[in-house]
Chemist: 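Here it is, the structure in full.
Below, chain A is the first sequence line, B the second, and so on; all start at residue 1.
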Number of protein chains: 2
Amino acid sequence: MVTAARGRPRSFDRDAALDKAIRLFWRRGYEATSVRDLTEELGIGAPSLYSAFGDKQQLFTEALRVYDEKYGGFIDRALADEPTAKGAAARVFAEAPERYTRRDLPTGCLIVSGDAGTTSTEIIEHLRRMRDSKVDAFAAKIRADITAGRLPADIDPRALGRYTMSALTGLAQAARDGVTRAELDQVAEIALRAWP
Amino acid sequence: MVTAARGRPRSFDRDAALDKAIRLFWRRGYEATSVRDLTEELGIGAPSLYSAFGDKQQLFTEALRVYDEKYGGFIDRALADEPTAKGAAARVFAEAPERYTRRDLPTGCLIVSGDAGTTSTEIIEHLRRMRDSKVDAFAAKIRADITAGRLPADIDPRALGRYTMSALTGLAQAARDGVTRAELDQVAEIALRAWP
DNA sequence: CCAATTTTATAGCGATCGATAGAAAAGGTG
DNA sequence: CACCTTTTCTATCGATCGCTATAAAATTGG
C-alpha cells in the first residue's frame with residue numbers, strides 16, 4: 001500500500017533539513033538559535049518549518065534524538081561493544097577528542113551544551129535526563145564488572161560513571177574553547193589514568 | 001579631599017546591587033538574564049542601572065571580575081598558598097564540590113557557564129580568556145615542580161593543567177545538573193587520582 | 001476539465017529584547 | 001530662597017523573538 005501523497009508535494013528534503021538544524025543547534029545551542037536562523041539555514045519559509053517539524057521545541061527534541069544516534073552514539077557503542085567497563089572508558093576517551101573537533105562540524109557536544117542559556121525548564125530537564133542516562137549506563141557496566149570480579153569491590157559505580165561522563169563534559173567544553181585535537185588527546189589520556 | 005557628591009544621591013547600595021546581579025548572571029548566564037530581570041531583582045529602574053553600570057555587557061564584565069575575587073578565587077588561592085602543584089590540585093578538588101553547591105548561592109561556576117547560549121563573540125572571548133588563564137597558571141606551577149624535580153620530566157605541563165581545569169569544568173557542570181555535594185566529593189577524589 | 005488537499009510565500013501578530021528621551025525629584029552650594 | 005547637578009520615574013523606542021492567518025501554488029483523484 002503506497003501512501004497517497006495527496007496535495008502539493010514538499011519542496012525540500014526533510015532529513016537534510018533536519019541535519020542542518022542539528023548542526024545549527026549544535027553550534028549555537030537551543031536559545032541562541034532563532035527560528036529566523038533556522039529558516040535561512042534550511043532554505044525554507046517559517047510556515048514550512050512549522051508544518052514539517054511542529055514548533056521550535058519539537059524540532060530541537062527531534063534534533064537531539066537524531067544527533068544522539070548519528071553523532072553522539074560513540075559512547076553507547078563503546079558500552080555495547082567493549083567487554084569491560086574500563087575498555088569502554090578507554091575507547092570513549094580515545095575517540096572523544098576526534099569526535100569533538102571534527103572538520104565541517106561544530107566543536108563540542110550538543111547534549112553537553114545544547115541547553116546553554118535557556119530558561120525553558122523542559123529543555124533543561126530533557127538534556128539533564130539524557131546526560132544522566134549516560135551516567136547510569138556507565139555505572140551499570142561498572143557494577144557488572146565489580147560483580148564479575150574485574151574491578152575492586154570498594155569502588156562506587158555511580159561515582160566512577162559520573163567521573164567518566166564529567167571528564168567527557170570537560171573535554172567537550174574545552175573543544176568549544178578551541179583546544180586542539182592534539183591537546184585533547186593528551187587530556188583524555190590523563191583522564192583515563194584516574195580509573196582503577 | 002572629600003568628593004563633592006553633588007546632585008541627587010543614589011538611592012541604592014551599588015555593591016549590594018552588583019552582588020545581586022552576580023548571582024542572577026551566575027544562575028542564568030549572560031544571555032538568559034534580561035535587563036528586566038536585573039531591574040526587578042536589584043529593585044531599581046532601568047535608567048538607574050544604566051547610569052550606575054553602563055550597559056548590560058559592562059555590568060556583566062564587572063560582575064565577572066568581582067565574582068572571580070569573591071566566589072571563584074579558591075583556585076588562585078590554592079595556587080598561591082600550596083607549595084606544590086599537586087598540593088594545589090588536591091586542595092582545589094577538595095574544595096570545589098562545596099564551592100559549587102553552596103546553599104543560598106547558584107550551583108556551578110559563572111566563569112564556566114556564564115557565556116552559555118550567547119552570540120556575542122566579545123563575551124565568549126572574554127570568558128574563554130579567563131578560563132585559559134587558569135590553565136596557564138596551573139601549567140606554570142606544574143612546570144616549576146618539574147624543574148625542581150618534584151614531578152617527572154616526561155609529563156606535559158599544559159596538558160595536565162588543562163586536564164585539571166577541564167575536570168573542574170565537569171564538576172561545575174555536574175553541580176548545575178543537580179548532582180549532590182556527596183557525589184561530587186567522590187568524583188573529585190577520583191579526578192585527583194589521574195595526577196602523577 | 002473541476003474539486004480536494006497540502007505546501008508554499010507574504011505579511012504581520014503580540015511579546016519581549018536592550019536601551020533611552022524627557023521631565024520630575026532630591027541633594028549640595030551660593 | 002534660587003541655581004546647579006545628578007538620579008529618579010514614566011513612557012516609550014526600534015529590533016527581534018516565536019509563531020500564524022491568509023491566500024496563492026502545486027499536486028492527486030474524479
Chemist: Just verifying a value: how many Å separate A:D136 CG and A:R129 CZ, rounded to the nearest 0.5 Å?
Modeler: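 One finds 12.5 Å between CG of A:D136 and CZ of A:R129.
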
Chemist: What nucleotide, of C:dT8, D:dC17, D:dT27, holds the atom closest to the side chain of A:P9?
Modeler: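 Per side-chain heavy atoms of A:P9, the pick is D:dT27.
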
Chemist: A:K56 side chain: which of C:dT8, D:dG18, D:dT8 is closest?
Modeler: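 Among the listed nucleotides, the one closest to the side chain of A:K56 is D:dG18.
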
Chemist: In whole Å, what is the span from the CG atom of B:D37 to the P atom of C:dA19?
Modeler: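 After rounding, the reported distance stands at 14 Å.
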
Chemist: Checking B:R23 now: which residues fulfil side-chain hydrogen bond (donor to acceptor under 3.5 Å, both in side chains) with it, not counting sequence neighbours?
Modeler: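 Applying side-chain hydrogen bond (donor to acceptor under 3.5 Å, both in side chains) to B:R23 gives B:D19.
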
Chemist: When the distance from CD of B:Q57 to C1' of C:dC17 is rounded to whole Å, what number comes out?
Modeler: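 Computing the B:Q57:CD to C:dC17:C1' distance gives 15 Å.
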
Chemist: What is the distance, rounded to the nearest whole Å, between atom CZ of B:R10 and atom P of C:dG28?
Modeler: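 Rounding to the nearest Å, CZ of B:R10 and P of C:dG28 are 16 Å apart.
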
Chemist: Rounded to the Å, how far apart are B:F53 CZ and C:dT20 P?
Modeler: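 B:F53 atom CZ is separated from C:dT20 atom P by 16 Å.
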
Chemist: Sequence neighbours left out, cut at 3.5 Å: what donor-acceptor pairs do the side chains of residues 39-54 of chain A make with other protein atoms?
Modeler:
unit_1: A:T39; atom_1: OG1; unit_2: A:V35; atom_2: O; d: 3.3
unit_1: A:T39; atom_1: OG1; unit_2: A:R36; atom_2: O; d: 2.9
unit_1: A:E40; atom_1: OE2; unit_2: A:R36; atom_2: NE; d: 3.4

Chemist: Find the distance B:L38:CG to C:dT16:P and express it as a whole number of Å.
Modeler: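 Atom CG in B:L38 sits about 17 Å away from atom P in C:dT16.
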
Chemist: Using a 4.0 Å heavy-atom cut-off across all strands, classify B:A46 as base, sugar-phosphate, or nothing.
Modeler: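 Base contact.
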
Chemist: Using the side-chain heavy atoms of B:S34, tell me which of these nucleotides is nearest: D:dT20, C:dG18, D:dT8.
Modeler: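 In terms of side-chain proximity for B:S34, the closest of D:dT20, C:dG18, D:dT8 is C:dG18.
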
Chemist: Atom CG of A:L49 and atom C1' of C:dT7: how far apart are they, to the nearest Å?
Modeler: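 Checked: the CG to C1' distance equals 13 Å.
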
Chemist: Tell me which nucleotide among C:dA19, D:dT7, C:dA9 gets nearest to the side chain of B:D55.
Modeler: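 Between C:dA19, D:dT7, C:dA9, the one nearest the side chain of B:D55 would be C:dA19.
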
Chemist: Between atom CZ of A:R27 and atom CZ of A:F25, what is the distance when rounded to the nearest 0.5 Å?
Modeler: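 Atom-to-atom, A:R27:CZ and A:F25:CZ are 12.0 Å apart.
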
Chemist: Reading DNA chain D from 5' onward, which residue's closest nucleotide shows up sooner: A:P47 or A:E31?
Modeler: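 Mapping each residue to its closest nucleotide by heavy atoms, the 5'-most match is A:E31.
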
Chemist: How about B:F60 and B:L110: do any of their side-chain heavy atoms sit closer than 4.5 Å?
Modeler: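 In contact.
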
Chemist: 5'-most contact on DNA chain C: B:G7 or B:Y30, nearest heavy atom basis?
Modeler: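 Comparing both residues, the 5'-ward one is B:Y30.
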
Chemist: When you get a sec, tell me which of D:dC19, D:dC17, C:dT8 is the closest nucleotide to the side chain of A:R36?
Modeler: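 So the nucleotide nearest the side chain must be D:dC17.
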
Chemist: Rounded to the nearest angstrom, tell me the gap between atom OH in B:Y50 and atom C1' in D:dT6.
Modeler: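 Atom OH in B:Y50 sits about 19 Å away from atom C1' in D:dT6.
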
Chemist: Can you see if the side chain of A:S11 gets near the phosphate of C:dT7 - specifically, an N or O under 4.0 Å from OP1 or OP2?
Modeler: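 For C:dT7, OP1/OP2 do not have a side-chain N/O of A:S11 under 4.0 Å.
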
Chemist: Write down the distance between CZ (B:R8) and P (D:dC9), rounded to a whole number of angstrom.
Modeler: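 After rounding, the reported distance stands at 7 Å.
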
Chemist: Considering just the side-chain nitrogens and oxygens of B:R6, establish if one lies under 4.0 Å of OP1 or OP2 belonging to C:dG28.
Modeler: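 Checking C:dG28 against B:R6, no side-chain N or O comes under 4.0 Å of OP1 or OP2.
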
Chemist: Scan B:T33 against the nucleic acid and name what it touches under 4.0 Å (heavy atoms): base, sugar-phosphate only, or nothing.
Modeler: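 Sugar-phosphate, backbone atoms only, no base.
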
